[in-house]
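Residue numbers begin at 1 in each chain, while the letters A, B, ... track the order of the sequences. Just so it is clear, the values below take in all heavy atoms, side chains as well, and ignore hydrogens, waters and symmetry mates.
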Amino acid sequence: MERIEQANEEAVGRMLAADPVLIDVVTAGDVIDGLGEKVILHAGPPIDWADMCGPMRGAITGIAVFEGWAPDLEAAEEMASAGAFEFRPNHHASAVGPMTGMTTLSQPVMVVENRKYGNRSYCTVNEGLGKVMRFGGNDAEVLDRLRWLRDVLGPAMGVALRDTGGIPLKSLVARGLTMGDEMHQRNVGCSGLMLRALAPALAKTSTDTKALSESLAFIGGNDQFFLNIAMAMGKAIMDPVRDIDGSCVVTAMSRNGTTFGIRVSGTGDRWFTAPVEMPEGLYFPGFTEADANPDMGDSTIVETIGLGGFAMGASPAVAGFVGAGTAADAANYTRTMAEITVGENPEWTIPALDYLGVPTGIDIRLVVETGLAPVINTGIAHREPGVGQVGAGVVRAPMACFEQALVAFAESVGVA
Amino acid sequence: MSAVIVNEVLRGFYLDSVALLRMSQSLVALDGVDEAAMMMGSPSNRQIMADAGILDATGEAAEAGDLVIGIRADNQDAADLALKEARAILEQSSAAKGDGEVWRPRSVRSAVKAMPDANFALISVPGDFAISEARKALRRGLHVMIFSDNVPVADEAALKQEALDHGRLVMGPDCGTAIINGKPLAFANAVARGSVGVIGASGTGIQEVTSLIGENGGGISHAIGVGGRDLSDAVGGFTTMMAFDLLDRDPATEHIVLISKPPSAAVAAKVVDRIGASSKPCTVCFVGGSEMSLPANATAVTTLKAAAENALGGSAIGAGFDPAAMAVPASGGPMIRGLFSGGTLCAEAQVVLQAAGEAVGSNAPVPGSGGLDSKGAHQLIDLGADEYTQGRPHPMIEPSVRDDALTAALGDDSIGVILLDLVLGFGAHDDPAGYLIRSLGGSAGKPVIASVTGTEQDPQRRSAQIAKLEDAGITVAPSNADAAALSLACLRSTT
């Protein structure tokens, strides 16, 4: 018991000591080991083509066309089912990706360095709202935007970030929490703060005012621009927490649209998976829950570090996706998540909760004991390939993941 | 069918997108409306509205800072009505949406976090989990009261040993009553604070004694429930011993009352030794027990009433109460039928009848009583026993448990008097007198004798309950023991 408590304290200590800094945007294939031709990193635990949901397949075929591996979507689908592509989870490559989470060699990825521990993590640039690849969109408009990100915004951000020497993220997130962001569904504040930090360097390093204008407009027009940065930050914070002997703190939560998987510090790189659940939420006009795909994406890394559903108290509007949606409901989500965490983060606090720190360090024992599964704020994709986002809502991590993990963890510490 | 699309743009009107999505739902629910939404007019939102077929040229011209109302309806009237509704919803948007649920901790761990200076936990969970929750509380330095029952006795003993090691008190399992620092816990009464400390293995026993003391000018320092099995051989009186230690050290406690069923000889000897070591006068009430020799600082009594009187320094409870004078002649047969919600009250009544030379049968017999099948014996039934409460609430909470037995007794010609208890206090039914009167449904046809365990400060107010009973022709005695004596007097006044 004492050994576990100490190991968990160590785990949370490493989370709180992390110093994540956004330092660069680079080409994915240049920094991610083994990310060569026809290798596709995806969200969630490992999955084969046969088991992938509609939007995941839509994104796979789209990215294959984008990378020039297939002439069109039909050909890409045939290649995929014939086993022409190698699928690997982002999490196995120091990366994360929202929703479908496509990461391939020629895409630009943002680099977050954890300066306390020296590790780096990667995430693609957020595509904005509307029809986008992360929700399974794959038409010409989607692919053109990816090309623009690759050819214009990505390189421009890379030059600008190198010029700044890096933008520290911890204090930026702290300010975002006071502005109503929870960093999963709400990134308005942090996106604005990031634009403020980035704009002078973008202007200074730009040689093309049209491209500069487009870049600034793109960032300024995308309320979720910061989400992918928050995700890379989450991965950079959690990777040094892996493999602490005797710790039952969750180091990753992730879903591929079919299964939900978690990893636990003391049980290393093993995934504990269960069928993913259906979000409860609100739908855009023209869509209903019948159109919805189950929960998807690596974005649950933000809940893993105490943001998203865990920080709902900072973002009362988000609580409106389910139930009465009052500010008190939002606060209750945060207080309830404190039931299943080792501690609170004194640097990330919520003014409306008397500066309560966000609940930090999910302890699988507490999840199983209280029956309180982590709350996740999420977007909802259409279940068919190519359509895109149809709503947003709240979902719980499946309890079965934590039950399996607890049994395996007990074996690992010799109490089973 | 020609659908009508109506758009309205509110310039510079910002509302949160989630709030707008929520509000949009009530528009879609209106009759004749196919699809509707309210969104901020950003390009991506306008695209969504166009895809949904609810955007016209008006909405198309909106800008990101404008709010767009888009409605597609079967006809113009339905569309106009929906637009009116949309405007109304937007006007109300700042109004309160109702009370949010108050957050409550869901585990011992977070309860302690929320209240770091807490030193006491009341545990009421299914028995299988009670020990594990109690242990969590103990390890966080809390004293524990376990309301839960169905806990294996070996677990109880182990837990109490652990509590002793931590220097913490474990009251229970199956501890239904306590008053700590003037705070009634679980089924307990609002009793004035005072100098009498009570240690009890029985819930209604503690309630009767503390209420009688409180209603007769005394008060309670602490009433510590120990759980029904604490004085068994298997547990060995851990909590009782510790309760004596606590009350001995407590300067507010001047007199200690111990209430229990008769313990085994071995445990009784241990208890007697502990009493002898106490510096304070003690009253010992082993309900249904035989004579035993006690140290000089202790007095043995046989009833709860006598225990209260002794703790009050010998002053009589129910002064002026004369069973013979108050007796209502019994009609019908020669037997008393007792229908009790309190187990110890049932035991006390058996003791009173036995002492008067009567034969008694019970489903919860004290020494000297037979079973319910005993021939020619008064039947005193504990309706709180497992066979009556399986899968239903205790009769103190839900008096309907008594209904069938009451109907049977009323129709039984061999029964001359019906004897009842009503238990008030926190956790109990909010009007047991009213319920009883409705169950009797007018004239009972034979005397009904009752006692009311409780105080004036209880939520049900003792005097109000008594007045109700008396108005309905039910005779109320000052205590449970007096009610038993009065029942007998009623029988004897006929012969």
So do the side chains of A:K131 and B:I48 get within less than 4.5 Å of each other, counting heavy atoms only?
no
Looking at B:S107 and A:T370, what are the two nearest heavy atoms and their distance?
CB-CG2, 4.1 Å
When the 4.5 angstrom heavy-atom criterion is applied to B:I54 and chain A, the contacting part is side chain
At a 4.5 Å cut-off on heavy atoms, which part of A:T288 comes close to chain B: side chain, backbone, both, or neither?
neither
Note, B:M39 side chain near A:P285 side chain (heavy atom, < 4.5 Å)
yes
Taking distance alone, no hydrogens or angles, what donor-acceptor pairs closer than 3.5 Å link side-chain atoms of residues 381-390 of chain A to residues at least two apart or in another chain?
{"unit_1": "A:H382", "atom_1": "ND1", "unit_2": "A:E384", "atom_2": "N", "d": "2.9"}
{"unit_1": "A:R383", "atom_1": "NE", "unit_2": "A:A290", "atom_2": "O", "d": "2.7"}
{"unit_1": "A:Q389", "atom_1": "NE2", "unit_2": "A:G391", "atom_2": "O", "d": "3.0"}

If only atom types and distance count, is the side chain of B:E35 paired as donor or acceptor with the main-chain N or O of A:G286 below 3.5 Å?
yes
A:R145 meets the salt bridge (Lys or Arg N to Asp or Glu O under 4.0 Å) criterion, sequence neighbours left out, with A:E141
Starting from the C-alpha separation in whole Å, work towards a yes-or-no answer on salt bridge (Lys or Arg N to Asp or Glu O under 4.0 Å) for B:K113 and A:E344.
CA-CA 11 Å; B:K113 260 189 180 171; A:E344 285 96 36; 3.2 Å; yes
Chain A contact via B:S24 - side chain, backbone, both or neither, heavy atoms under 4.5 Å
neither
Heavy-atom closest contact (B:S44 atom, A:L129 atom, distance)
OG-CB, 4.0 Å
Segment of B:P43 engaging chain A (4.5 angstrom heavy-atom cut-off):
neither
For the side-chain hydrogen bond (donor to acceptor under 3.5 Å, both in side chains) test, which of B:R109, B:R106, B:K136 pairs with A:E369?
B:K136
Whether B:R22 side chain and A:F321 backbone form a donor-acceptor pair below 3.5 Å:
no
For B:S17, is it the side chain, the backbone, both or neither that has a heavy atom under 4.5 Å from a heavy atom of chain A?
both
